[in-house]
Structure formats: C-alpha cells, structure tokens
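Letters go in sequence order (proteins before strands), and every chain restarts at 1. This is a predicted model, so every value here is computed, not measured.
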Protein chains: 2
Amino acid sequence: MIARPKLRDVARLAGVSVGSASRAISAPDQVRPATLAKVEAAVRELSYVRNGAARALALRRTFSIGAIFPTLNNPIYADSIQAIQQRLNARNYQLLIASHEYDRSRELASVRNFIDRGIEGILLVGTDQDPAVFEALRLAQIPYVLMWSLDEAAHHHCVGFSNEAGGALMANHLLDLGHTRLAVLGGQRQFNERARLRTQGVRGAMAARGLALAEDHILEQPFTFEGGRAGLRAAMALHPRPTALLCGTDILSFGACDEARRMGIEVPEQLSISGFDDISFAAMSVPALTTVRVPITQIGNSSADNLIAQIEESEAPRHERLEIELIARASTGIAPA
Amino acid sequence: MIARPKLRDVARLAGVSVGSASRAISAPDQVRPATLAKVEAAVRELSYVRNGAARALALRRTFSIGAIFPTLNNPIYADSIQAIQQRLNARNYQLLIASHEYDRSRELASVRNFIDRGIEGILLVGTDQDPAVFEALRLAQIPYVLMWSLDEAAHHHCVGFSNEAGGALMANHLLDLGHTRLAVLGGQRQFNERARLRTQGVRGAMAARGLALAEDHILEQPFTFEGGRAGLRAAMALHPRPTALLCGTDILSFGACDEARRMGIEVPEQLSISGFDDISFAAMSVPALTTVRVPITQIGNSSADNLIAQIEESEAPRHERLEIELIARASTGIAPA
DNA sequence: GTGAAAGCGCTAACAC
DNA sequence: GTGTTAGCGCTTTCAC
C-alpha cells in the first residue's frame with residue numbers, strides 16, 4: 001500500500017518545479033514542449049492523479065452541481081436527470097443527486113448538505129420549498145433554478161410551464177366531449193404547487209362553463225400505481241359518479257386504468273381517464289393515454305444551461321416558459337348519455 | 001458581496017480558538033457546553049458553512065461515491081439509483097452520477113473523472129468494462145462493486161445474478177409451452193455480457209432439448225421501444241417464422257408488443273413475447289408481460305452496503321448472488337399448431 | 001518559460 | 001478542555 005503520488009513527486013521525477021508541473025497539467029500551452037513532455041512522462045510513470053479536494057480548495061471551485069428531486073424513479077424525473085447529466089458533463093460539471101420523497105425537511109437537509117460540499121449551483125423541482133431553503137441559498141450566494149413551475153411573483157430563476165393552463169387544457173378537452181361530472185385525482189396539494197395549480201386550472205375551466213368542482217371530487221393519493229388504483233375506487237364511490245377522472249400524473253392514470261379494467265369499467269365508454277406528463281409509456285398503454293405533454297428533456301436542458309450561465313456569466317433569463325400540449329388518445333371519449 | 005466567513009471568523013466572534021470551534025462543530029461532545037453554545041451562536045450569527053473542499057483535504061476523505069450507468073432513464077437503473085441514493089444518504093455518503101450510453105470509452109472517462117474528484121468508491125453495471133477501468137481503479141486503490149452480473153472468474157466484488165440462468169428460465173418456460181422456433185431480441189452483445197449471457201442461456205436450454213438457435217434468429221437492437229418495434233418486424237420476416245420472441249429487457253418487449261398490435265399479430269395466440277427485468281409496468285401492460293423478475297432494489301441496497309463495507313471495514317463478500325424468478329403472465333401462451 | 005513561496009480553509013496532534 | 005500549529009496537495013502570483 002504505497003501512498004498516492006503527489007504533484008511534488010511528479011515534479012521531482014520530471015526534474016522541474018511543482019509550479020511547472022502544475023502548469024503542464026492544467027495549462028499545457030503555458031509550458032515549453034520539452035517540459036511538457038517530461039512532466040507527461042512522469043505522470044504516466046507514477047500513474048499520477050491529481051487530488052480534487054486540494055484543487056478545489058486552491059481554485060475555490062468544485063465544478064459540481066446538485067439536483068434534488070421528489071423521487072428518482074418516476075420516469076419524468078429520470079428523463080430529466082438524463083438530460084441534465086449530459087448537459088452538465090459536456091460543460092465539465094459533475095452532477096450530485098438527492099431525492100426527498102415529497103418531504104420538505106429532507107429537501108432542506110439535502111440543500112444544506114450540498115452547500116457544505118461546495119456545489120456551485122443547485123436544481124430544484126417546483127416552487128413550494130421551505131423558505132429556509134432560499135435563505136440558505138441566499139446566504140451561501142449559490143445560484144439555483146426551479147424546474148417545472150413558474151413563479152412570476154418571486155424573483156427566482158424558473159424553467160417551467162403553467163401548470164394551471166395544463167389543468168385547464170385537459171378540463172376543456174373533457175368538457176368539449178360533453179362531460180360535466182369531473183373528478184380530479186392528484187397528489188398531496190400541500191407543499192406541491194404543481195398539484196395545486198393543475199387542480200385550480202380544472203376548476204377555472206369548469207367555472208367558465210358554469211360548472212363547479214365539488215371539494216369531495218378532488219382526490220389525493222400518493223403518486224404511485226397503487227395511488228391510482230385507490231383513487232379510481234374512491235372516484236367510483238362518489239355521488240354523483242364522475243364520468244371523467246383527471247389524473248395529475250401519467251403514473252396515477254396507469255394505476256387507475258388498471259383498476260378500472262379489474263372492476264370491469266370500460267375506458268373510455270363508461271369513464272374517461274386522463275394523465276399528465278406524456279411519459280413514453282403513455283402512447284403504448286392500452287387504451288393509449290390522453291395526456292398533457294410536458295417537455296421534460298427541454299426542462300432539463302434549459303435548466304442546466306440557465307444554471308451554468310448564472311455560474312459563469314452571472315447573466316441568465318429569470319423565467320423560461322415552455323409550451324405544453326394536449327395529446328388526445330384513446331383513454332378519453334364522449335361522455336356517456 | 002461579502003466573502004463567506006471562515007472558521008477563524010467564527011472562532012474570533014465566539015472568543016475561542018479555531019481548534020475549539022472546529023471541535024464544537026464536528027465533535028460537539030468533546031467541548032464544554034458553554035463553549036459549544038458560544039460557537040453555535042457565532043455560527044448562526046455569521047451563517048457559517050464549512051468549506052467542504054478544505055475539510056476533504058484535511059480529512060483525506062470526501063464521503064462521496066460515484067455510480068455509472070448505461071442510461072439513467074431505463075426504469076431498472078432509475079429504481080436502483082433510488083435505492084442506492086437512499087442507502088448512501090443514510091450512511092452520510094453523497095452519490096455522484098454519470099451515464100455512458102453503452103459507450104465503453106465514455107465509461108472509462110467517467111471513471112477517471114470520478115477518481116480525480118476523489119470519490120471513495122464506485123459502482124458499475126456489468127463486468128465487461130474496458131480493462132483500463134480496472135487498472136485505473138487498482139492504481140488509485142479505489143474499491144468498487146460490479147452490479148447485475150457475477151464474474152466468478154475474476155476477483156471483482158459483484159452483486160448480481162446469473163444472466164445465463166435467466167435466459168434459460170425463460171427459454172424453458174416457452175419450450176414447455178410447446179414452442180420450438182424461438183427468436184432472441186437483445187441489445188448489442190459486444191461489451192455487454194448481460195445480453196451475451198442471456199442469449200447463451202436460451203441457446204443452452206434449447207440444446208438440452210435437441211434444438212438449435214440459428215444465428216439469424218438472434219436480433220440486436222438498441223434498448224428502446226423503437227428497438228423493440230424494429231426487432232419485431234425483423235422477427236416476423238424470418239424463415240422459419242418464430243412463434244416466440246424472447247426480449248432481453250422489458251422495454252424491448254413493450255415496443256415489440258406495440259408493433260405486433262399495429263401489425264395485427266395476436267399476442268400470445270400467434271406470437272408469444274417475453275421480457276426481462278419485471279419493471280413495474282410489466283404487470284399492467286396489455287397483455288400483461290411474462291418476464292424474469294430481477295431484484296433491482298436489492299441489487300442497489302446490497303451494492304451500496306458492500307461498497308461501504310469495503311470503504312469502512314475493508315471486509316465485504318466478493319460475490320453476492322441474488323435470486324431471479326420467472327413471472328408468467330399473459331404475453332406468452334401455448335405454441336400455435 | 002520557470003522556480004519559490006504564499007496561501008486556499010480545515011483538522012488533528014500536541015502541549016498546556 | 002482548550003489553544004497553537006503543522007500540515008492536507010494544489011494553484012498562482014511574483015521575481016527572475
């Protein structure tokens with residue numbers, strides 16, 4: 001077990017000073033070719049790898065960026081992680097990952113942990129963070145981007161879309177099909193502005209047509225297949241029984257469709273079911289899912305770009321609004337008579 | 001823009017030495033309550049956050065672990081990331097993520113990058129890495145765990161299962177149903193021992209019954225829905241036409257099933273289609289997918305535990321073999337007459 | 001272009 | 001217990 005070689009060892013073997021060795025490695029063009037060659041040979045000979053912590057300390061930069069998601073296994077987040085990671089890597093930043101399982105205090109803890117580790121920027125989902133998150137970020141002077149939502153009121157950098165418009169988009173689609181009894185199946189609305197705004201969008205669209213969304217027709221369940229199943233059962237027990245179930249995410253829809261199948265409820269003949277996100281499975285489930293397409297990859301790319309811009313040029317757009325789109329497929333249809 | 005306070009500032013404000021301030025923060029029980037209180041007050045007052053790089057340099061530890069996956073958006077990897085992240089977090093390690101898109105050289109580059117950054121351990125998928133990966137890891141003396149496969153021959157730490165047995169399990173299921181003309185749809189086998197071994201398992205099971213797997217009945221496609229679709233078309237063009245298509249991952253199966261639907265091919269009446277992984281969608285697709293269940297969460301948990309054990313106690317089992325299981329659902333059936 | 005030396009901010013002996 | 005101090009390994013002025 002030999003100690004790892006340091007720059008000093010490389011310099012000694014190459015017969016140059018540590019300064020030159022350092023330059024040969026990080027700025028090869030500031031060094032004479034002969035020196036460069038000697039250093040490179042020494043590096044190879046010793047299998048030298050530079051110490052990242054020491055480098056970070058001297059440079060006062062870590063080139064790492066943290067991202068915190070509600071969960072990592074929902075495809076919408078997985079896809080965005082994929083995009084972010086690729087973007088960051090291309091710019092020589094490293095991605096650190098954490099998840100909070102919809103627990104605000106865990107999110108705060110992760111933010112603090114990231115700050116401790118010296119990340120240079122941070123990516124968060126939504127706008128409903130604990131205020132202490134923003135306070136910590138402000139004190140540490142760390143740039144951040146909130147993804148998925150837009151908070152026009154506050155001064156945060158956001159890359160997202162109007163969740164309210166999304167809810168309205170789907171509600172109008174169903175209202176146009178003649179449905180009047182809608183039920184909404186979402187996740188916990190507390191501390192989740194996405195769920196809240198989407199529901200609000202539905203309510204608004206209904207109100208515009210003189211309809212009301214009864215409080216008991218707003219169902220809350222965890223964002224899982226099982227939540228979708230439970231939500232469907234709850235919806236079927238309502239009076240009046242809804243003819244359309246608007247789910248807050250595709251995952252919930254799949255669970256709901258599956259449960260409907262088990263219960264012998266025809267979709268969409270007896271019940272229309274809609275999703276939100278348009279994950280890749282949505283197009284190939286049976287029946288194919290009517291949903292709202294969210295530009296997930298674009299959220300990832302733009303957020304990463306925005307954050308890097310803040311870090312490197314301290315100049316980036318405050319708000320980036322992305323377009324969403326209704327994707328009508330087979331899981332919704334004309335309201336039953 | 002004020003410079004961030006350092007430990008020295010905290011110490012000064014608290015009226016103690018940097019040593020005491022440091023102890024108060026990292027080892028509160030080694031310090032008198034009164035001192036602790038003064039330091040804590042100063043920390044709060046200045047909103048002090050310690051510098052991770054300096055800490056890492058002094059401690060010669062970074063408490064971070066790198067994981068490199070083929071892709072991040074396949075649910076099998078997303079689910080394992082979820083498990084790994086939670087496990088690591090509970091033990092106070094931070095997860096760094098990278099993906100290589102099935103490109104060996106990118107994997108090697110990520111490994112080197114991680115080593116540069118001083119990660120204390122590394123998680124990789126499969127056993128078919130570039131030899132330079134192991135060489136770099138050995139030189140840097142960094143422990144690692146290979147997930148998903150077992151390489152009994154080499155000395156690597158592995159947490160996985162027998163991919164060959166998995167292939168055989170599915171082949172036998174189909175052979176028992178009377179199929180004799182099987183086709184295999186997998187990804188590139190070069191540099192992917194999982195794909196290779198699963199196919200080999202199929203071939204072995206067929207051979208045991210006196211059947212041969214023709215080379216042209218082994219289809220290679222990217223691990224995507226589109227790959228599944230293309231694979232199905234290719235399979236239907238084969239002579240003799242297979243009655244069962246064994247897909248190397250559930251993702252491929254979904255694409256294949258979707259294409260079969262479009263082409264008007266009845267599954268499983270005219271063609272049985274099987275998957276591998278048992279991702280959560282498998283149970284609720286139509287028809288429900290027959291597949292091999294892989295203990296994804298367990299792979300993540302055990303790999304994380306194994307790696308931490310190597311880091312902290314330098315003592316961990318070389319190989320951990322996990323059980324897999326055939327899950328027979330509706331996408332496979334009796335061979336057509 | 002190159003070498004010497006002064007930090008970067010923290011921890012861990014060590015002496016008191 | 002607490003203060004003092006010597007590193008941790010690298011980058012970067014600043015002379016030469």
Notebook entry, point to check: Of the nucleotides dG9(C), dG9(D), dG3(C), which has the atom closest to the Arg60(A) side chain?
Noted result: dG9(C)

Item checked: Distance, rounded to the nearest Å, where Arg55(B) contributes CZ and dA12(C) contributes P -> 8 Å

Next item on the list: Look at the side chain of Leu57(B) and decide which nucleotide, out of dT11(D), dG9(C), dG1(C), has an atom nearest to it.
Entry: dG9(C)

Next item on the list: Go through dT11(D), dA13(C), dC10(C) for me and flag the one nearest to the Arg23(B) side chain.
Entry: dA13(C)

Next item on the list: Kindly say if Thr35(A) contacts the phosphate of dT2(C), meaning a side-chain N or O under 4.0 Å from OP1 or OP2.
Entry: yes

Notebook entry, point to check: Side chain of Ser20(A): nearest nucleotide among dT5(D), dT2(C), dG1(D)?
Noted result: dT2(C)

Notebook entry, point to check: Of all the nucleotides listed (dG9(D), dC10(C), dT4(D)), which has the minimum atom distance to the side chain of Val18(B)?
Noted result: dT4(D)

Checklist line | Given DNA chain D, 5'-ward residue of the pair Ala54(B) and Arg32(B), judged by closest heavy atom | finding: Arg32(B)

Check: For Leu7(A), which contact category applies under a 4.0 Å heavy-atom criterion: base, sugar-phosphate, or nothing?
Finding: base

Next item on the list: Could you state the atom-to-atom distance from CZ of Arg50(A) to C1' of dC8(D) in whole Å?
Entry: 17 Å

Margin query: Using whole Å, what does the distance between atom P of nucleotide dT2(D) and atom CD of Gln30(B) come to?
Written below: 11 Å

Next item on the list: Among dC10(C), dG9(D), dG3(D), find the nucleotide with the atom closest to the side chain of Ser17(B).
Entry: dG3(D)

Note to self: Let's test your reading of the model: under 3.5 Å, does the base of dG9(D) pair with the side chain of Arg4(A) as donor and acceptor?
What the structure shows: no

Check: Leu59(A) has an atom CG; how far is it from atom C1' of dG9(D), in whole Å?
Finding: 13 Å

Next item on the list: Measure the distance from CZ on Arg117(B) to P on dC10(D) and round it to the nearest whole Å.
Entry: 16 Å

Margin query: Using the side-chain contact (heavy atoms from CB on, under 4.5 Å) definition, which of the options Leu108(B), Ile122(B), Leu123(B) pairs with Ile68(B)?
Written below: Ile122(B)

Item checked: Per Ser22(B) side chain, nearest of listed nucleotides dT11(D), dG3(C), dT11(C) -> dT11(C)

Notebook entry, point to check: Atom CG of Asn51(A) and atom C1' of dT11(D): how far apart are they, to the nearest Å?
Noted result: 13 Å

Note to self: For Phe63(B), does the six-membered ring have the charged nitrogen or CZ of Arg61(B) within the cation-pi criterion, i.e. under 6.0 angstrom from the centroid and within 45° of the normal?
What the structure shows: yes

Item checked: Distance, rounded to the nearest Å, where Lys38(B) contributes NZ and dG3(D) contributes C1' -> 13 Å

Margin query: Can you give me the closest heavy-atom contact between His157(B) and Pro317(B), atom names plus distance?
Written below: ND1-O, 3.1 Å

Check: Given atom CZ of Arg61(A) and atom C1' of dG9(C), what is their separation to the nearest angstrom?
Finding: 18 Å

Notebook entry, point to check: Can the ring centroids of Trp148(A) and Phe69(A) be said to lie less than 6.0 angstrom from one another?
Noted result: no

Note to self: Parallel, tilted or perpendicular: which one describes the rings of Tyr144(A) and Phe134(A), with boundaries at 30° and 60°?
What the structure shows: tilted

Check: In terms of the nearest nucleotide of DNA chain D, which residue is placed more toward the 5' end: Ile25(A) or Val31(B)?
Finding: Val31(B)

